[in-house]
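Here the structure is laid out as structure tokens; the discussion comes afterwards.
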Amino acid sequence: MKRRAVQPTARTYSTMLAGMAANEDWETNHNHLIRSEKLYKDFEDFKQKCIAEGEPDSRLIWPINSYITLCGRAGKWQTAVDTYYSIESSEPLKADECTYAALFDGLAHRKETDQKGELSITEQNAADAKYFWRRLEKAVEKGDFKPDGPVMEKFIHLLAGGRPADHQFGLEVLRDFVGLAAPGESAPSPRVSMTYNLLGEILEFCNKSKKYRLCISFFKQAMEMPHESYMTKITNASDAISDSFERGFLGSKLLMKDLIPSRRVVNAILIAQDQLAAAGSSDESIRAVELLRSSYDKVTKMRERELQKSSPLKRVFSPETVALALTVCWRCADWPAALETIAMASHTPVEELKDSAERRSPIRLDFKEISYLARTALASEDLESMRQFLRFAAAWRISSIRTDMHYAYYRSQYSSATVEMIEKVRASAEDGKEEYEELLNECKTYLEKTPRWRQTYSPEREETVFGSAKYVNKLSQAIDFEMATRNSQ
């Protein structure tokens, strides 16, 4: 550009800095940081020239936002903060929503801090995020800008790693800005539009803060909110909307419930239902199947219209989603719900699935999924359900690829449950016929050869409903502090 006498603009600097910020290896690529610092100094000269000539452009904030993002990802957090404060001395420039999104992005990448105290790095990040959010609120009150979904997503993500007080602050923000209120509360009109990306972050925030019923409540409230994005495809739409769908564009009057929920949202709801079921709620499996059925109907209708039935559907849900749904069924000892989950996942009618017990599996299952099926059949205490699972286990091919760090645990659970079911089925047989001998020997052999410690190395979600001992201890301290504060007032 210099050789051709082309003068760079704010957009030029912003594009260059944004591209540099995409670097993923800052530790070994030190020269990259030096070049970015030199480029930003050139931009500062350009900025001062524009301000001195009385021709400031609102786009001058763009390179600043890109540089804040770059410094945050490069581990130069203090430089990012200094750059943010320098905006105040660069009148008439003002920070916008992208500025705060860049700050929150930098906090998400911060791995260590010089600040002293008992807070972990995630708790310190949450505390700093609250400080910048309060500054954002002041700017919003002045009318400088309106908050959007991306800045809200990054902020809620940071608060999820904070203390109980940070979680409470996050709920207040969601009520005041997104319009999601806890039961018994009223919320003002939302100032931030709802999208599935934002909803996924909110639901994960609820799960990480152990507010599982609130997760379900927020999901139901969000389904009645309008969705302004045109990126998500729908199936149940009017003719006018259908025409716009064929062109790849959707109008802005759709509700969230009209769209296909993202995998992230569905998984977050299933995790909440799993924890509620572990706490004693026995009807969560019914709600889990209803959730999957709603998604399944929308996905199949959309695919059938797009593919015009030219290629058959093989698997509707991801293995993670299927495993989470089967976990809920196991907690509730609901074999029919587990069977329906497999039927939807494999795009196979339930009756056909029952009849295919003597053939190979309609979908590829690993020992994580099959262990939940086995434990569900055993927990149902129904001999017919046990026989049905044993027919599946004897005929289906189960993937033995070790894709999960808890492979030995899941296979041991499957083997133990299968051995117990075979013994119960044989005890109830009137003719005394010893069935499934090959399957029984296979399971017993694995249990004998596998060390005990590997069989008991279970995932955290199956260990406790209330979280780790560290979390319970911190929660107890927060409650004691809150009670002491109330008593002193």
Side-chain angles (χ1 to χ4, degrees), residues 1-24 26 29-110 128-155 177 191-193 228:
M1 292 181 69
K2 291 182 178 179
R3 275 182 280 180
R4 299 186 180 184
V6 178
Q7 295 297 324
T9 64
R11 187 185 294 273
T12 306
Y13 286 109
S14 176
T15 303
M16 290 289 293
L17 289 169
M20 289 180 166
N23 179 48
E24 297 180 355
W26 291 99
N29 198 352
H30 185 66
N31 291 333
H32 191 77
L33 181 59
I34 296 176
R35 287 192 293 268
S36 63
E37 290 173 347
K38 183 179 182 302
L39 179 63
Y40 186 72
K41 288 180 180 178
D42 293 341
F43 163 73
E44 284 187 319
D45 296 337
F46 171 80
K47 179 186 68 174
Q48 294 300 332
K49 180 181 177 181
C50 292
I51 294 176
E53 293 176 354
E55 298 180 358
D57 190 341
S58 59
R59 287 176 291 185
L60 287 174
I61 196 66
W62 295 358
I64 299 177
N65 295 341
S66 298
Y67 188 63
I68 292 175
T69 302
L70 184 149
C71 292
R73 295 180 179 179
K76 302 292 183 180
W77 170 245
Q78 189 57 50
T79 304
V81 174
D82 294 341
T83 304
Y84 163 73
Y85 285 124
S86 69
I87 299 175
E88 298 178 352
S89 60
S90 303
E91 292 290 345
L93 292 183
K94 294 181 180 179
D96 60 8
E97 65 275 15
C98 295
T99 308
Y100 290 95
L103 285 169
F104 295 145
D105 182 78
L107 284 172
H109 285 81
R110 186 172 67 169
D128 291 344
K130 286 168 60 178
Y131 167 76
F132 288 110
W133 181 265
R134 292 189 177 98
R135 294 181 66 91
L136 178 149
E137 287 183 328
K138 293 179 180 179
V140 171
E141 291 174 359
K142 293 178 182 178
D144 293 348
F145 60 88
K146 294 181 180 179
D148 59 4
V151 69
M152 181 65 70
E153 293 171 25
K154 295 179 184 295
F155 175 65
F177 284 85
R191 289 184 276 178
V192 177
S193 300
E228 298 182 358

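Here the structure is a predicted model, which means the values were calculated and not measured. Side chains are part of it too, since the values below use all heavy atoms of this structure and drop only hydrogens, waters and symmetry mates.
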Paired with M152, the side-chain contact (heavy atoms from CB on, under 4.5 Å) test is passed by just one of F104, W133, Y100, namely W133
K94 atom NZ: more than 12 heavy-atom contacts under 6.0 Å
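Not buried by this count: 12 neighbours or fewer within 6.0 Å.
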Tell me if a side-chain donor or acceptor on H109 pairs with a main-chain N or O of A74 at a distance below 3.5 Å.
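No.
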Look only at the side chain of S14 and the backbone of R11, and say whether a donor-acceptor pair between them is shorter than 3.5 Å.
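Flag not set: sc S14 to bb R11 has no pair under 3.5 Å.
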Please lay out, stage by stage, how L93 and I64 fare under the test side chain to side chain contact (heavy atoms under 4.5 Å, CB included).
CA-CA 10 Å; L93 292 183; I64 299 177; 4.0 Å; yes
Apply side chain to side chain contact (heavy atoms under 4.5 Å, CB included) to residues M20 and H32 and explain how you reach the verdict.
CA-CA 8 Å; M20 289 180 166; H32 191 77; 3.5 Å; yes
May I ask you to check whether Y67 and W62 place their ring centres under 6.0 Å from each other?
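No.
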Below 4.5 Å, heavy atoms only, C-beta onward: do [X] and [Y] meet side chain to side chain?
{"X": "I87", "Y": "I61", "value": "yes"}
{"X": "D105", "Y": "R73", "value": "yes"}
{"X": "E97", "Y": "V140", "value": "no"}
{"X": "P8", "Y": "Y13", "value": "yes"}

Thinking salt bridges, do D42 and K38 make one under a 4.0 Å N-O criterion?
yes
Indicate yes or no: does K142 engage E137 in a salt bridge with an N to O separation below 4.0 Å.
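No, K142 and E137 are not salt-bridged.
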Between [X] and [Y], a side-chain donor and acceptor under 3.5 Å:
{"X": "R135", "Y": "Y84", "result": "yes"}
{"X": "T79", "Y": "D82", "result": "no"}
{"X": "S66", "Y": "T69", "result": "no"}

Starting at [atom1] of [X], measure out to [atom2] of [Y] and round the result to the nearest 0.5 Å.
{"X": "K49", "Y": "E44", "atom1": "NZ", "atom2": "CD", "value": "16.0 Å"}
{"X": "L103", "Y": "L136", "atom1": "CG", "atom2": "CG", "value": "10.0 Å"}
{"X": "F43", "Y": "Q48", "atom1": "CZ", "atom2": "CD", "value": "9.0 Å"}
{"X": "K47", "Y": "L60", "atom1": "NZ", "atom2": "CG", "value": "8.0 Å"}
{"X": "L17", "Y": "T12", "atom1": "CG", "atom2": "OG1", "value": "10.5 Å"}
{"X": "L33", "Y": "K76", "atom1": "CG", "atom2": "NZ", "value": "6.0 Å"}

For K154 and L107, what are the C-alpha separation, side-chain angles and deciding distance, and is it a side chain to side chain contact (heavy atoms under 4.5 Å, CB included)?
CA-CA 9 Å; K154 295 179 184 295; L107 284 172; over 6 Å; no
Take the angle between the ring planes of F132 and Y85 and call it parallel below 30°, perpendicular above 60°, tilted in between.
tilted
Exercise: identify the closest heavy-atom pair between [X] and [Y]:
{"X": "N65", "Y": "C98", "result": "ND2-CB, 3.5 Å"}
{"X": "F46", "Y": "A10", "result": "CE2-N, 3.8 Å"}
{"X": "I68", "Y": "A102", "result": "CG2-CB, 3.7 Å"}
{"X": "A80", "Y": "G72", "result": "CB-N, 4.2 Å"}

Dump the intermediate steps for side chain to side chain contact (heavy atoms under 4.5 Å, CB included) on R134 and K138, then the final yes or no.
CA-CA 6 Å; R134 292 189 177 98; K138 293 179 180 179; 5.5 Å; no
